[in-house]
Visitor: 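Just passing along the structure, written as structure tokens.
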Protein chains: 2
Amino acid sequence: MTLFDATLTYYIDSVAKGASISGFPEWLPSERVVEQRVIDTLREVFELNGFLGIETRAVETGASLLKKGETSKEIYLLSRLQEVGRESDTPIEERLGLHFDLTVPLSRYVVEHSGQLAFPFKRWQIQKVWRGERPQEGRYREFVQADIDVIGQGDLPDHYEVELPLVMVSALERLRAFGLPKATVHANNRKLSEGFYRGLGLTDIEGVLREIDKLDKIGADEVAKLLVEECGASEVQARACLELAELTAADGAELASKFDALCAAHGIAADSEAYALAKQGLDTLAMIVDQAAAIRPGSVIADLKIARGLDYYTGSVYETFLDGAASLGSICSGGRYDNLASQGNRKYPGVGLSIGLSRLVSYMLHTAGAHASRVSPASVLVAVWNESDRAASNAIANTLRSRGIAADVAPTAAKLGKQIKYADKLGIPYVWFPGQEGAGDEVKNIVSGDQNRADATSWEPDSLSARQTVVID
Amino acid sequence: MTLFDATLTYYIDSVAKGASISGFPEWLPSERVVEQRVIDTLREVFELNGFLGIETRAVETGASLLKKGETSKEIYLLSRLQEVGRESDTPIEERLGLHFDLTVPLSRYVVEHSGQLAFPFKRWQIQKVWRGERPQEGRYREFVQADIDVIGQGDLPDHYEVELPLVMVSALERLRAFGLPKATVHANNRKLSEGFYRGLGLTDIEGVLREIDKLDKIGADEVAKLLVEECGASEVQARACLELAELTAADGAELASKFDALCAAHGIAADSEAYALAKQGLDTLAMIVDQAAAIRPGSVIADLKIARGLDYYTGSVYETFLDGAASLGSICSGGRYDNLASQGNRKYPGVGLSIGLSRLVSYMLHTAGAHASRVSPASVLVAVWNESDRAASNAIANTLRSRGIAADVAPTAAKLGKQIKYADKLGIPYVWFPGQEGAGDEVKNIVSGDQNRADATSWEPDSLSARQTVVID
């Protein structure tokens, strides 16, 4: 291990502590390089796929935030310092609060600007969101989400329900270069579940979905117990719900035949309204897994226990898991929502997925060993012999910069060893020595020790040292 | 004007309304392209100059936010929804609030992570900030700032006081491609002003600076009146303050000789403590204007009426004005602050400047006529003949994307005219026609009308249409 490596390790071993305020992660500069590259990569993939980038304001009205969503109780409301003590004069609906996701703001944005957007409107958005969790919970209260959604005006073709998860799969595939394991999208459909539950005679659909969502955490027996106790299910109905959740299939045809067999076994008639609703969801889910298999085999699978907490989903729902990192939970979730936004009689149905980016970056840094190839973006540190010669060093740095080579200049005309140590601490691979008394300039690669004559108007760093990048241990 | 142009105009003529919540600007997708390119450009310049990128959490404690700064009264405090009605149980110092600038968070970050940073620490940061202004004021309550700062541990060489404004000048120079007029940094020094005022016998230094800051707005006579009424100045002292504010000089030597003449005229002895303080500031300011003139003539000038509101500045202060856009006020401000952060006896002096990015983008969009060359990042829209052929169109789009060419696919297999109209609405210059019944693919440039045979594995858009860019009317 060279000195250079040791320094890098020193810089990257730390964790984002946000020491003084728990739940608000903050990265060191070298860690931020990883996050920034992840953001750049996602943006590139989203734009290659024709998504338009937007940024919405950080705040929405209380009325808008409280309308939908399981997290409605985990909101930060704002008050102006001057209003302290008089906060309650304003009804919560009229107060401002920080957005807790990017889907609710998107719905509001689309309705507000509908006259100036082309539909279907495909957008990407990478922004911070906030959850007003109790500090004791140890959860992130501020984190970055990376979302893609497509919103239709009036209607929205269902092909987006397979295309959007595939865009996310291709984006996550690119992140494998930063240490991310293979990702698999698990898809289900709310209509399929709801139709089946109704066919069984159950009526508390939200309740059943909520309990089924706990399957991986607490196991089938506990879920069955809760379905009986909380959702008015009989033992038989509860077991039927679990049978549906555990149904697996290799393709759409197998999914359909197994589902039909399950319906027949539980007396759900093929001509019932409940079956018709389930069939809509089944057809969409079968289409999704078959089309995804044709394009990227193994990337999107049917998983009938996926429920999703948020109540605004009306059709497809998705969760995404990483090979060997089940404990992370779903790192990219979403679904179809037909009723989130409307304007008079006109609806704006949407499909979207959201990556929990901060958690992903934390995994890359602390589990996968991703780190910046160097702390500083600069390739070169130009040395300064005397403070009176600083202008000459600045001129060299400016020449390099004008050619796209990032350069820093030594902070002081200290002993050369100290200047080299500063470069080393920042991971800057080259130190440039301005020529003295008519001699030419020289440049030293402080990793390899090579030192050569160089001219700032033509010199190039070697390709490995040219750019700050992300590497894996 | 072609149909293509007309569509673009339709998209970009709108303003960021943030209709429902005043002071929270929001851009349309085509406007966001301009903002995003501005951010990308600034980041590139900052990194070329060796600045490390960081992002700090959006919140600080009330104690930290209330410590310094004129805007201490314009803060948004947070409360969890569950705590509504009990907000006041927590003292303001312990509550969380949104940061109102990026300098206070930087100071906190540097002290918190000092063991893991190399000093001097040069960082860039582009983030939203919030001001809890009264909605009626019509000011931005959420906006983006783009900052560079360098923070020393213990001490900080003064050459950064000329280098940082020059980095900002070179960044603003790049933005002229987006319609920004030439920018000039106006520099002053707090020590120079304070020494002079003390030499006159004045003691309310903050007060004098506050009134002098109003010179451009209300004129010399009003300021003189306020100096007398509010700051305890005599008529003669007030006029002397104005003489200093109006002093101009072509270079450091002229600045020094005019300043000395002014001191002599007002009886400020060269061996007084007050003069010694002023002389420190004078020397730094002379150094700044002379060195800046040698590198970029006309980019940084001495302007002795620059005061800056924030009270944390202790030496150099900067404001930046655009040619022909004086009404915008300063678009890039900052200074040297020696006492913002400390750890025990160790100080962390800093120098930094901050661009008010949202206001700049608003100027570019609404005054300079900057707009996106097209709304969508996609170069190509692949047509769909029948929904049953969608897979073939998707395959073509994926081939183009794998070669770095951004592509979208028609939302429905509508009539061809409708598909072309969708491309046109989004400004997508090419529509791709998948070959039918064994015929080859063709691609049409819908701006020029040219249509040619094309192969997705080798076709390239013309260089003008390859990338979404920013253009000026």
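Order of the sequence lines fixes the chain letters, A, B, ..., with proteins taken first and strands second; residue numbering starts at 1 for each chain.
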Visitor: Please state whether the side chain, the backbone, both or neither of A:Asp40 comes within less than 4.5 Å of a heavy atom of chain B.
Guide: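 Side chain only.
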
Visitor: Which one, A:Leu156, A:Val59, A:Leu381, leads in non-hydrogen pairs under 4.5 Å with chain B?
Guide: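 Among the listed options, the one with the most contacts to chain B is A:Val59.
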
Visitor: State, yes or no, whether a side-chain contact exists between A:Leu81 and B:Leu65 at a heavy-atom distance under 4.5 Å.
Guide: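 Answer no - side chains too far apart.
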
Visitor: State, with a plain yes or no, whether a side-chain heavy atom of A:Arg134 is found less than 4.5 Å away from one of B:Gln82.
Guide: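 No, their side chains stay 4.5 Å or more apart.
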
Visitor: For chain B, which of A:Gln291, A:Lys122, A:Glu387 has the most heavy-atom pairs under 4.5 Å?
Guide: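 Top option by heavy-atom pairs under 4.5 Å: A:Lys122.
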
Visitor: Go through the atoms of B:Ile92 and report whether side chain, backbone, both or neither lie under 4.5 Å from a heavy atom of chain A.
Guide: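 Side chain only.
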
Visitor: Can you tell which part of B:Leu96 gets under 4.5 Å to a heavy atom of chain A, answering side chain, backbone, both or neither?
Guide: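 Just its side chain gets close to chain A.
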
Visitor: Where do B:Arg95 and A:Val84 come nearest, in terms of heavy atoms and distance?
Guide: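 It is NH1-CG2, 4.1 Å.
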
Visitor: With a 4.5 angstrom heavy-atom cut-off, is it the side chain or the backbone of B:Glu133 that approaches chain A, or both, or neither?
Guide: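 Contact with chain A: backbone only.
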
Visitor: Under 4.5 Å heavy-atom distance to chain A, tell me which part of B:Glu163 shows up: side chain, backbone, both or neither.
Guide: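 For B:Glu163, side-chain heavy atoms alone lie under 4.5 Å from chain A.
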
Visitor: When rounded to the nearest 0.5 angstrom, what distance separates CG in B:Asn398 from OG in A:Ser170?
Guide: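 Rounded to the nearest 0.5 Å, the CG-OG separation comes out at 7.5 Å.
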
Visitor: Using heavy-atom distances under 4.5 Å, tell me whether B:Phe46 contacts chain A through its side chain, its backbone, both, or neither.
Guide: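 For B:Phe46, there is no contact with chain A at all, as no heavy atom is under 4.5 Å.
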
Visitor: Examine whether an atom of B:Ala395 lies under 4.5 Å from a heavy atom of chain A, and if so say whether it belongs to the side chain, the backbone or both; otherwise answer neither.
Guide: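 The answer is neither part of B:Ala395.
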
Visitor: For the candidates A:Arg43, A:Glu44, A:Arg141, which exhibits the highest count of non-hydrogen atom pairs separated by less than 4.5 Å from chain B?
Guide: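 Option with the greatest count: A:Arg43.
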
Visitor: State which residues pass side-chain contact (heavy atoms from CB on, under 4.5 Å) with B:Pro377; sequence neighbours excluded, sorted by chain then number.
Guide: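 Checked B:Pro377 against side-chain contact (heavy atoms from CB on, under 4.5 Å); matches are A:Glu47, A:Leu52, B:Gln468.
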
Visitor: Sort B:Pro411 into side chain, backbone, both or neither according to what part of it lies under 4.5 angstrom from a heavy atom of chain A.
Guide: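 Both parts, backbone and side chain.
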
Visitor: Counting only N and O atoms by type, is there a donor-acceptor contact under 3.5 Å from the side chain of B:Arg80 to the main-chain atoms of A:Gly132?
Guide: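 Present.
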
Visitor: What part of B:Arg390 lies closer than 4.5 angstrom to a heavy atom of chain A: side chain, backbone, both or neither?
Guide: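 When you check distances to chain A, only side chain atoms of B:Arg390 fall under 4.5 Å.
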
Visitor: So for B:Ser88, is it side chain, backbone, both, or neither that comes closer than 4.5 Å to the heavy atoms of chain A?
Guide: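 The side chain, not the backbone.
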
Visitor: Measure the OG-CD1 distance between B:Ser79 and A:Ile75 for me, rounded to the nearest 0.5 Å.
Guide: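 If I round to the nearest 0.5 Å, the distance is 11.0 Å.
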
Visitor: Tell me the closest heavy-atom pair linking B:Glu55 and A:Arg32, and the distance in Å.
Guide: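 Heavy atoms only, the tightest pair is OE1-NH2, 3.4 Å.
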
Visitor: Can you measure from OG (A:Ser30) to CG (B:Leu117) and round to the nearest 0.5 angstrom?
Guide: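 So the OG of A:Ser30 and the CG of B:Leu117 are separated by 9.5 Å.
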
Visitor: Among B:Asn394, B:Val45, B:Leu400, which has the most heavy-atom pairs under 4.5 Å with chain A?
Guide: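 Top option by heavy-atom pairs under 4.5 Å: B:Asn394.
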
Visitor: What part of B:Asp155 lies closer than 4.5 angstrom to a heavy atom of chain A: side chain, backbone, both or neither?
Guide: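 Neither; nothing under 4.5 Å.
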
Visitor: Can you tell which part of B:Leu98 gets under 4.5 Å to a heavy atom of chain A, answering side chain, backbone, both or neither?
Guide: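 It is the side chain, since no backbone atom gets that close.
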
Visitor: When rounded to the nearest 0.5 angstrom, what distance separates CD in B:Gln116 from CD in A:Glu31?
Guide: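 Answer for the CD-CD pair, B:Gln116 versus A:Glu31, is 8.0 Å.
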
Visitor: Chain A: which of B:Ala378, B:Pro120, B:Pro157 shares the most heavy-atom pairs with it under 4.5 Å?
Guide: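 Heavy-atom pairs under 4.5 Å are most numerous for B:Pro120.
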
Visitor: Using a 4.5 angstrom heavy-atom cutoff, name the option from A:Lys128, A:Glu142, A:His159, A:Glu83 with the most pairs to chain B.
Guide: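 Of the options given, most contacts go to A:His159.
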
Visitor: In terms of heavy-atom proximity below 4.5 Å to chain A, should B:Gln127 be classed as side chain, backbone, both, or neither?
Guide: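 Side chain only.
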
Visitor: Side chain, backbone, both or neither: which part of B:Glu87 has an atom under 4.5 Å from a heavy atom of chain A?
Guide: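 For B:Glu87, the contact with chain A is made by the side chain alone.
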
Visitor: Quick check on the interface: out of A:Leu77, A:Asp408, A:Thr412, A:Val380, who has the most heavy-atom pairs with chain B under 4.5 Å?
Guide: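 The option with the most such pairs is A:Leu77.
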
Visitor: Side chains of A:Glu26 and B:Thr56: does their closest heavy-atom pair fall under 4.5 Å?
Guide: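 Result yes, sub-4.5 Å side-chain heavy-atom pair found.
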
Visitor: If you count heavy-atom pairs under 4.5 Å between each of A:Leu78, A:Ile295, A:Ile54 and chain B, which one has the most?
Guide: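 Of the options given, most contacts go to A:Leu78.
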
Visitor: Counting heavy-atom pairs under 4.5 Å with chain A, which one of B:Tyr422, B:Trp130, B:Phe121 comes out on top?
Guide: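 Of the candidates given, the most pairs with chain A belong to B:Tyr422.
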
Visitor: Among residues at least two apart in sequence or on other chains, which ones pass ring pair (Phe, Tyr, Trp, His ring centres under 6.0 Å) with B:Tyr109?
Guide: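 If we apply the ring pair (Phe, Tyr, Trp, His ring centres under 6.0 Å) test to B:Tyr109, skipping adjacent residues, the hits are B:His113.
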
Visitor: Under 4.5 Å from any heavy atom of chain A, what part of B:Arg123 do you find: side chain, backbone, both or neither?
Guide: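 Answer is neither: B:Arg123 stays 4.5 Å or more from chain A.
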
